[in-house]
Asker: 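Below: one structure in structure tokens.
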Amino acid sequence: MSNNENSAGLAGVTAGKTAVCTVGKKGVGLTYRGYLIEDLAAKAEFEEVAYLMLYGELPTQSQLDAYKQRLIGMRGLPDAVKKALELTPGDAHPMDVMRTGASVLGTVEQENDPEAQQHDVADRLLASFPSMLLYWYHFTDSGKRIDVETDDDKIGGHFLHLLHGEKPSADATKAMSTSLILYAEHEFNASTFTARVVTATLSDFYSAVTAAIGALRGPLHGGANEKAMELIQTFEDADAAEKGLKEMMARKEKIMGFGHRVYKTHDPRNPIIKEWSKHFAGDDAYKRNLYEISERIEQVMWDEKKLFPNADFYHATAYHFLGIPTHLFTPIFVISRLTGWGAHIFEQRADNRLIRPNAEYVGPEIRDFRPIDQRG
Ligand code: ACO
């Protein structure tokens with residue numbers, strides 16, 4: 001590990017080894033266990049990628065079929081989790097609901113023997129995250145206790161089915177699958193690193209995941225897709241967006257969904273999700289306008305600051321066009337990233353050492369202690 005005085009935010013510091021993923025590797029971009037993100041997004045289903053992340057290799061057809069059936073069988077929620085979700089206020093942030101759901105599940109189905117249980121726990125969380133989110137969403141929205149089981153064998157389609165109460169189109173299911181693949185893994189990002197720090201203390205899988213959800217919630221990380229949507233919707237049209245953006249930049253405001261710690265010229269996930277956003281905008285005047293606003297923001301950011309959209313920016317309109325409420329955007333990231341977190345938790349456990357760096361002390365020198373009645 002380098003020990004660089006200028007490494008605020010650990011920028012540029014190599015903090016460990018991983019065989020799971022490369023980010024920004026020269027000439028390659030983003031890979032999951034050696035596979036290019038472009039290949040995975042175009043040719044794989046999310047469940048194949050989830051299997052790759054959690055079991056180390058792409059599945060054969062029969063392994064994939066069995067894995068999907070296994071996940072379908074793990075979608076139900078224990079009564080304790082349902083009760084906790086019913087008690088969670090409707091105005092809670094859905095990321096807090098995910099964190100709470102994961103935590104309560106961890107008290108009911110405890111991980112006491114990581115070696116024997118860790119794959120079951122990972123699959124259980126992956127399968128039941130959509131159930132937790134949408135059970136809470138419908139209960140607090142309309143008092144309805146939905147059935148969290150559907151016959152959709154793809155998690156993305158299942159999510160949309162639970163949300164809208166009807167089977168999604170093949171296009172919508174494919175777009176969700178692609179989105180889940182794009183969000184699945186990203187090396188030592190803030191939430192994954194958080195999961196590894198917790199894991200390294202020999203804590204349980206649920207604790208690592210709840211901590212990771214907390215890290216992902218912030219707008220500098222996963223929360224950026226929600227903030228990007230809010231921004232896009234403040235503008236009437238593309239010209240207004242250009243004017244507004246320039247004013248924001250003059251005020252040195254951060255534009256969410258742009259920039260990246262590791263990528264310097266582009267984010268390889270962006271063109272893939274941008275294409276889906278464009279596809280769903282189609283000829284619809286309302287959607288087309290939002291898409292054009294997004295493109296103008298992209299243009300202005302590049303012209304003015306050489307900043308490019310990251311994975312979050314076009315996810316905003318893509319999800320919006322799928323009828324997903326904005327405050328549910330980041331929880332979808334959780335569903336997907338659980339697979340990457342899981343891969344890193346397993347990797348950390350396989351070769352563990354406590355993660356405990358040093359700090360450079362910048363506080364006062366040793367001082368005399370004065371009893372409380374002598375302090376003024
Ligand atoms: N809008 C405006 N300016 C920006 C942006 C942005 N989105 N991102 C970076 N900059 C500018 C900074 O103001 C800074 O300028 P300065 O040197 O003149 O002060 C410079 O670029 C470097 O930015 P830092 O914030 O120091 O870069 P860092 O590597 O620490 O942060 C981060 C990376 C957090 C992603 C940053 O680009 C950002 O805040 N982006 C917006 C939030 C976002 O989209 N997060 C999602 C990340 S990707 C993901 O989670 C899928």
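Note that ligands are numbered from 1 as they come in the structure, with each ligand's atoms numbered from 1 the same way. All residue numbers refer to positions in the sequence shown, counting from 1.
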Asker: Step through it carefully: locate the ring centre of Phe321, locate the ring centre of His279, and say whether they are under 6.0 Å apart.
Answerer: no

Asker: Identify, with sequence neighbours excluded, every residue that meets side chain to side chain donor-acceptor pair (under 3.5 Å) alongside His327.
Answerer: none

Asker: Taking the side chain as every heavy atom from C-beta outward, state whether Met301 and Phe313 have any pair of such atoms under 4.5 Å apart.
Answerer: no

Asker: Heavy-atom pairs closer than 4.0 Å: do any link ligand 1 to the side chain of Asp312, the backbone, both, or neither?
Answerer: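 Under 4.0 Å from ligand 1, Asp312 contributes side-chain atoms alone.
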
Asker: Using ring centroids (six-membered ring only for Trp), state whether Tyr67 and Tyr55 fall under 6.0 Å.
Answerer: yes

Asker: Please report whether atom 17 (O) of ligand 1 has a protein non-hydrogen atom at a separation of less than 4.0 Å.
Answerer: no

Asker: Quick test of your reading of the model: are Lys83 and Glu86 salt-bridged, counting only N-O distances below 4.0 Å?
Answerer: no

Asker: So among Lys167, Arg75, Lys68, which one has a salt bridge (charged side-chain N to carboxylate O under 4.0 Å, His left out) with Asp152?
Answerer: Lys167

Asker: Look up atom 20 (C) of ligand 1 and tell me if a protein heavy atom lies less than 4.0 Å from it?
Answerer: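 False for atom 20 (C) of ligand 1.
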
Asker: Gly223 near ligand 1, heavy-atom distance under 4.0 Å?
Answerer: no

Asker: Give the residue, atom name and distance (to 0.1 Å) of the protein heavy atom nearest atom 1 (N) of ligand 1.
Answerer: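 Among all protein heavy atoms, the one nearest atom 1 (N) of ligand 1 is Ile255 N, 2.9 Å.
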
Asker: Under 4.0 Å from atom 44 (O) of ligand 1, is there any protein heavy atom?
Answerer: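 Neighbour list for atom 44 (O) of ligand 1 includes protein heavy atoms (cut-off 4.0 Å).
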
Asker: Which of these, Asn189, Leu182, Leu307, has its nearest heavy atom closest to atom 4 (C) of ligand 1?
Answerer: Leu307

Asker: For atom 14 (C) of ligand 1, is there a protein heavy atom at a distance under 4.0 Å?
Answerer: no

Asker: Tell me which protein heavy atom sits closest to atom 34 (C) of ligand 1, plus the residue, atom name and distance to 0.1 Å.
Answerer: Leu220 O, 4.0 Å

Asker: Could you tell me the residue and atom name of the protein heavy atom closest to atom 8 (N) of ligand 1, and the distance to it rounded to 0.1 Å?
Answerer: Phe258 O, 3.9 Å

Asker: Distance under 4.0 Å to a non-hydrogen atom of Lys305: what atoms of ligand 1 satisfy this?
Answerer: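 Listed by number with element: 3 (N).
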
Asker: Without hydrogens or angle criteria, can the side chains of Asp284 and Tyr291 be said to hold a donor-acceptor pair below 3.5 Å?
Answerer: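 On atom types as modelled, these side chains do not qualify, holding no pair under 3.5 Å.
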
Asker: Can Glu48 and Lys43 be counted as an ion pair, charged N to O under 4.0 angstrom?
Answerer: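 No salt bridge links Glu48 with Lys43.
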
Asker: Could any protein non-hydrogen atom be found less than 4.0 Å from atom 26 (O) of ligand 1?
Answerer: no

Asker: Using a strict 4.0 Å cut-off to heavy atoms of Ala224, name the atoms of ligand 1 that fall inside it.
Answerer: 43 (C), 44 (O), 45 (N), 46 (C)

Asker: Could you list the atoms of ligand 1 found under 4.0 angstrom from a heavy atom of Arg261?
Answerer: 28 (P), 29 (O), 30 (O), 33 (C)

Asker: Can you list everything that forms a salt bridge (Lys or Arg N to Asp or Glu O under 4.0 Å) with Arg99? Sequence neighbours excluded, please.
Answerer: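 Arg99: salt bridge (Lys or Arg N to Asp or Glu O under 4.0 Å) contacts with Asp96.
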
Asker: Any protein heavy atom at under 4.0 Å, with atom 38 (C) of ligand 1 as the reference point?
Answerer: yes

Asker: Would you mind finding which of Lys306, Lys227, Met256, Lys254 brings a heavy atom closest to atom 24 (P) of ligand 1?
Answerer: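 Looking at heavy atoms only, Lys254 sits closest to atom 24 (P) of ligand 1.
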
Asker: Is any heavy atom of the protein nearer than 4.0 Å to atom 48 (S) of ligand 1?
Answerer: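 Yes, there is a protein heavy atom closer to it than 4.0 Å.
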
Asker: Which of the atoms of ligand 1 are close to Gly257, meaning less than 4.0 Å from one of its heavy atoms?
Answerer: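 Those of ligand 1 that fall under 4.0 Å from Gly257 are 43 (C), 44 (O).
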
Asker: Can you tell which part of His186 has a heavy atom less than 4.0 Å from ligand 1: side chain, backbone, both or neither?
Answerer: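 None of His186 does.
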
Asker: Are any of the side-chain nitrogens in Glu57 or Arg33 under 4.0 Å away from the carboxylate oxygens of its partner?
Answerer: no

Asker: Would you find a donor on one side and an acceptor on the other, under 3.5 Å apart, between the side chain of His186 and the backbone of Gly340?
Answerer: no

Asker: Quick one: do the Thr18 and Glu347 side chains pair a donor with an acceptor below 3.5 Å?
Answerer: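 Side-chain D/A pair, Thr18 to Glu347: present.
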
Asker: Could you tell me, atom by atom, which parts of ligand 1 come under 4.0 Å of a heavy atom of His221?
Answerer: 45 (N), 46 (C), 50 (O)

Asker: Heavy-atom distances under 4.0 Å decide this one: backbone, side chain, both or neither, for Ala11 against ligand 1?
Answerer: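 The answer is neither; Ala11 stays 4.0 Å or more away.
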
Asker: Whether Arg217 engages the ring of Phe333 as a cation-pi pair (distance to the six-membered ring centre under 6.0 angstrom, angle to the ring normal within 45°) should be assessed.
Answerer: no

